[in-house]
> 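Below: one structure in structure tokens.
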Amino acid sequence: MNPIWNMARKEFNDGLRNRWLLAISLLFAVLATGIAWLGAAASGQVGFTSVPATIASLASLATFLMPLIALLLAYDAIVGEDESGTLLLLLTYPLGRGHILLGKFVGHGLILALATLIGFGCAMLAIALLVDEVELSLLLWAFGRFMLSSTLLGWGFLGLAYGLSSVSAEKSTAAGLALGVWFFFVLVFDLALLALLVLSEGQFNPKILPWLLLLNPADIYRLINLSGFEPGANTAGVLTLGSDLPMPGAMLWLCLSLWVAAPLAAAWLLFRRRAT
């Protein structure tokens, strides 16, 4: 365990030195606080509206930001070490490739988790102190699972970033692949499902479509954060298919956790095959 922790501490200290933790925490805090009070400005209403509406808006924001930040944080984790010559040096130490990968994951994962807790926690604290009629139990429950699910979403994309970094020969290639992965899961996937619904003209088996949402961690994440509130209040577009999923909420958490474990395992296999 010491080799993993030593590598994790190095990555965490690098994140502190590069101001990653500070920058992400400030970004989350400012955006979350702004959305809590200005999220309904388009409808002519300024001020805090409700916990479900705030969580729905924050989940939509985090669906875009969290995967992008995780990919930017780790896309050069392997190929960057290789280009700088430090990967070969690391492998001369009593470190296995699994130690290196897990250590980097723990270090980067701690940065994401702390930034999520600090940033979104500040917004939760502001709501609790400044809004008189807010129900504290609902606020803690909603923000608690929102922050936990946001962290899991970020960890899943960390694993994807390590896999891309392991198969790339150059940092520029890894950066391009990371952008493509973000574009696919955040933007293209749902559009493709909607296109499938329209073009099939009802011929595609409607019972299969809701299960396809589980192939996208971003959709699982949004379903988790929209469940538990008034049905249909905040769902839109392809996410309305999620109401037809015959599974409890705990299974959504399991699926999101699998999206953390599976990419990380795949990254380890790809890293083992990488020549140095």
Side-chain angles (χ1 to χ4, degrees), residues 8-9 11-43 45-75 105-158 161 178 182 185-186 217-218 220-226 228-229 234 253 256 260:
R9 186 170 56 184
E11 293 298 329
F12 185 79
N13 290 334
D14 288 346
L16 292 178
R17 192 180 307 112
N18 295 330
R19 304 293 191 271
W20 270 107
L21 179 60
L22 177 63
I24 299 172
S25 299
L26 285 176
L27 177 66
F28 285 167
V30 171
L31 291 178
T33 305
I35 283 179
W37 268 268
L38 302 175
S43 61
Q45 182 178 357
V46 177
F48 180 78
T49 54
S50 66
V51 172
T54 300
I55 292 297
S57 298
L58 289 177
S60 297
L61 172 71
T63 301
F64 286 88
L65 281 183
M66 188 62 76
L68 183 60
I69 290 173
L71 290 168
L72 289 176
L73 189 62
Y75 79 92
F105 178 77
V106 172
H108 289 148
L110 282 174
I111 291 174
L112 278 181
L114 284 176
T116 300
L117 179 62
I118 295 171
F120 293 124
C122 287
M124 180 185 68
L125 184 61
I127 294 172
L129 293 176
L130 300 178
V131 179
D132 294 331
E133 299 179 357
V134 68
E135 186 179 344
L136 291 180
S137 59
L138 176 63
L139 181 69
L140 290 173
W141 170 77
F143 265 86
R145 71 175 190 166
F146 167 70
M147 289 187 285
L148 179 57
S149 60
S150 297
T151 301
L152 289 175
L153 179 67
W155 288 354
F157 277 88
L158 281 181
W182 177 84
F185 282 111
V186 175
I220 299 173
Y221 166 77
R222 284 185 287 182
L223 287 173
I224 287 174
N225 285 287
L226 295 179
F229 300 119
N234 299 301
W253 285 98
L256 190 58
V260 177

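Every value quoted in this text rests on a predicted model; they were computed, and no experiment measured them.
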> Within the 4.5 Å heavy-atom criterion, are Met124 and Leu139 side-chain neighbours or not?
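Side-chain contact under 4.5 Å: yes.
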> To the nearest 0.5 angstrom, please state how far the NE2 atom of His108 sits from the CH2 atom of Trp20.
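Reported value, rounded in 0.5 Å steps: 9.0 Å.
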> Are the side chain of Arg222 and the backbone N or O of Ile220 linked by a donor-acceptor pair below 3.5 Å?
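No; zero donor-acceptor contacts below 3.5 Å.
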> Provide the closest heavy-atom pair for Ile69 versus Leu112 in the form atom of the first, atom of the second, distance.
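For Ile69 versus Leu112, the nearest heavy atoms are CG2-CD2, 3.9 Å.
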> Report the distance from atom OG1 of Thr33 to atom CD1 of Ile127, rounding to the nearest 0.5 Å.
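It comes to 7.5 Å.
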> I want to check something: taking the side chain as every heavy atom from C-beta on, are Val260 and Leu256 in contact at a cut-off of under 4.5 Å?
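A side-chain contact is absent here, since even the closest heavy-atom pair is not under 4.5 Å.
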> Determine whether Thr63 and Tyr221 satisfy the following criterion, side chain to side chain donor-acceptor pair (under 3.5 Å), listing intermediate values before the conclusion.
CA-CA 8 Å; Thr63 301; Tyr221 166 77; 5.4 Å; no
> Might you work through the side-chain contact (heavy atoms from CB on, under 4.5 Å) test for Phe28 and Met66, ending with a clear yes or no?
CA-CA 10 Å; Phe28 285 167; Met66 188 62 76; 3.7 Å; yes
> For the residue pair Pro67 and Phe185, establish whether any side-chain heavy-atom pair is separated by less than 4.5 Å.
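Result no, sub-4.5 Å side-chain heavy-atom pair not found.
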> Please report the interatomic distance CG(Asn225) to OG(Ser57), rounded to the nearest 0.5 Å.
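OG of Ser57 is found 11.5 Å from CG of Asn225.
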> For Leu110 and Phe105, run side-chain contact (heavy atoms from CB on, under 4.5 Å): C-alpha distance rounded to whole Å, both residues' side-chain angles, the deciding distance at 0.1 Å, then the answer.
CA-CA 8 Å; Leu110 282 174; Phe105 178 77; over 6 Å; no
> The test is side-chain contact (heavy atoms from CB on, under 4.5 Å); show your working for Leu152 and Trp253 and say whether it passes.
CA-CA 9 Å; Leu152 289 175; Trp253 285 98; 3.9 Å; yes
> Locate the shortest heavy-atom distance separating Ala123 from Ala32; write the atom from each residue and the value.
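Closest heavy-atom pair between Ala123 and Ala32: CB-CB, 3.6 Å.
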> Would you name the heavy atoms of Ile224 and Ser149 that are closest together and state the gap between them?
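Looking at all heavy atoms of both residues, the shortest contact is CG2-CB, 4.3 Å.
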> If you round to the nearest 0.5 Å, how far is CG of Leu68 from CG of Leu73?
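Result: 11.0 Å between the selected atoms.
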> Could you pull out the closest heavy-atom pair between Thr151 and Ala113, with the gap in Å?
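Distance-wise, the nearest heavy atoms are CG2-CB, 3.9 Å.
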> Answer yes or no: is there a donor N or O on one side and an acceptor on the other, between the side chain of Trp155 and the main chain of Gly109, under 3.5 Å?
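Yes, the answer is positive, given that a donor and an acceptor are paired below the 3.5 Å cut-off.
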> Any idea which heavy atoms bring Leu21 and Ile111 closest together, and the distance?
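The answer is CD1-O, 3.6 Å.
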> Could you state the interatomic distance from CG (Leu138) to CZ (Phe143), rounded to the nearest 0.5 Å?
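Leu138 CG to Phe143 CZ: 10.0 Å, rounded to 0.5 Å.
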> Leu31 vs Leu65, test: side-chain contact (heavy atoms from CB on, under 4.5 Å). Steps then yes/no.
CA-CA 11 Å; Leu31 291 178; Leu65 281 183; 3.5 Å; yes
> Using modelled atom types only, decide if a donor and an acceptor are shared between the side chain of Trp182 and the backbone of Phe64 within a distance under 3.5 Å.
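Yes.
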> Please report the closest heavy-atom contact between Leu158 and Ala70, naming both atoms and the distance.
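Residues Leu158 and Ala70, closest heavy atoms: CD2-O, 3.5 Å.
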> Rounded at 0.5 Å granularity, tell me how far CG in Leu16 sits from CZ in Arg9.
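Rounded to the nearest 0.5 Å, the CG-CZ separation comes to 12.5 Å.
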> Is it the case that the ring center of Phe120 lies less than 6.0 angstrom away from the ring center of Phe146?
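Yes, the ring centres sit under 6.0 Å apart.
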